[in-house]
Structure formats: C-alpha cells, structure tokens
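Contents: one structure, followed by commentary.
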Amino acid sequence: MIGTTIAGYLTGYSDATHLNLSLFLAFAYLFPDYEVLLFFIIPVKVKYLAWLDWAFIAFSVIFGSIGMKIVAIVSVLNYLLFFGPDIIDRIRLRRKVYINRKNFYRQIEEARRANRDNMRD
C-alpha cells in the first residue's frame, strides 16, 4: 500500500483500483479453488478471475497513461514482494519433481530392458 501511495504522489495519478487488484491476486494465490457465484447463479473459481485481473493490469500497463502504468507496475511489485519467494520455491520444486520423474521413468525403462534381456537368455 505504501508503494502504491508513493507512486500516486509522484505521478499525480491516484486510484485504489490497482491496489485492490493486487489484493485480489493475493487472495487468488492463497485460495485458487474458491468459488464465487457470478450473478448469484454461475460458479466461477477465483483462479480464473485472477487471469482476468492479470489481463486488466496488462491492459493498464500497455494502454494507460504514464501514471497508470507506474501505479499498475507498483501494484504487481507489491504482489511479487510478498509472494515472490514462494513462487520461486514452487518453480524450483516443480523442476526437481520433473527431473526426478524423468529419472524414475528412465530407470524403469532400463529395468524393463534388462528384464527382457534376462528372459531371452
């Protein structure tokens, strides 16, 4: 919130929209499978609404005024400041899991080949 306030004072553009969007991104990161009823009828998961949130922020950065661009970027930086280390840890963990699975399947294939060769002999 402090970064968004400072960016608002420096650029002259003050809007709480991007701050609320970053707070919604935080909620969506913590509870991605939470369902919200759209028009009190259609259940929509928060993770899909977060994609719309990212699209709105990207639209603001691409087509907005310089003040809006700075405020949008600072709001994303607020999000990354808090969740960045966790996101990096998840990426590293997924990479390790991918490598472990690849090695596991390679070992299984080698064992099957060895077993077939032993059956032939």
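Keep in mind that what you see is a predicted model, and the values were worked out from it rather than measured. The chain is numbered in sequence order, starting from 1. Heavy atoms only: backbone and side chains are in, while hydrogens, waters and symmetry mates are out.
- For Glu35 against Pro43, the heavy-atom pair with the smallest separation is OE1-CB, 3.6 Å.
- Ile88 and Val97 fall into different hydrophobic clusters, where Ile, Leu, Val, Met, Phe, Trp and Tyr residues are linked whenever their side-chain heavy atoms come under 4.5 Å apart, directly or through other members.
- The structure places CG of Leu21 at 6.5 Å from OG of Ser75, a figure rounded to the nearest 0.5 Å.
- Rounded to the nearest 0.5 angstrom, Phe63 CZ and Lys69 NZ are separated by 9.5 Å.
- Scanning all heavy atoms of the two residues, the minimum distance from Lys47 to Asp33 falls at NZ-OD1, 3.3 Å.
- For the atom pair CZ (Arg94) and OH (Tyr98), the distance works out to 14.5 Å, reported to the nearest 0.5 Å.
- One hydrophobic cluster, built from ILVMFWY side chains closer than 4.5 Å, cannot hold both Leu77 and Phe59; they sit in different ones.
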May I have the list of side-chain donor-acceptor pairs in residues 22-31 shorter than 3.5 Å, sequence neighbours left out?
unit_1, atom_1, unit_2, atom_2, d
Ser22, OG, Leu19, O, 2.7
Tyr29, OH, Asp86, OD2, 2.5

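- Scanning for side chain to side chain contact (heavy atoms under 4.5 Å, CB included) contacts around Ser65 gives Met68, with sequence neighbours left out.
- Few gaps surround CZ on Arg106; more than 12 heavy atoms of other groups in view lie less than 6.0 Å from it.
- Taken to the nearest 0.5 Å, the NZ atom of Lys96 stands 7.5 Å off from the CG atom of Leu93.
- Separation of atoms CG (Leu81) and CZ (Phe83) is listed at 10.5 Å; rounding is to 0.5 Å.
- Under the 4.5 Å side-chain heavy-atom criterion for Ile, Leu, Val, Met, Phe, Trp and Tyr, Phe40 and Leu49 are members of distinct hydrophobic clusters.
- Nearest heavy-atom pair across Ile87 and Leu80 is CD1-CD2, 4.4 Å.
- Linking ILVMFWY side-chain heavy atoms closer than 4.5 Å, directly or via other members, places Phe82 and Val71 in two distinct hydrophobic clusters.
- The cluster map of Ile, Leu, Val, Met, Phe, Trp and Tyr, joined by side-chain heavy atoms under 4.5 Å apart, puts Leu37 and Tyr48 in different clusters.
- To the nearest 0.5 Å, atom CZ of residue Arg112 and atom CD1 of residue Ile108 are 6.0 Å apart.
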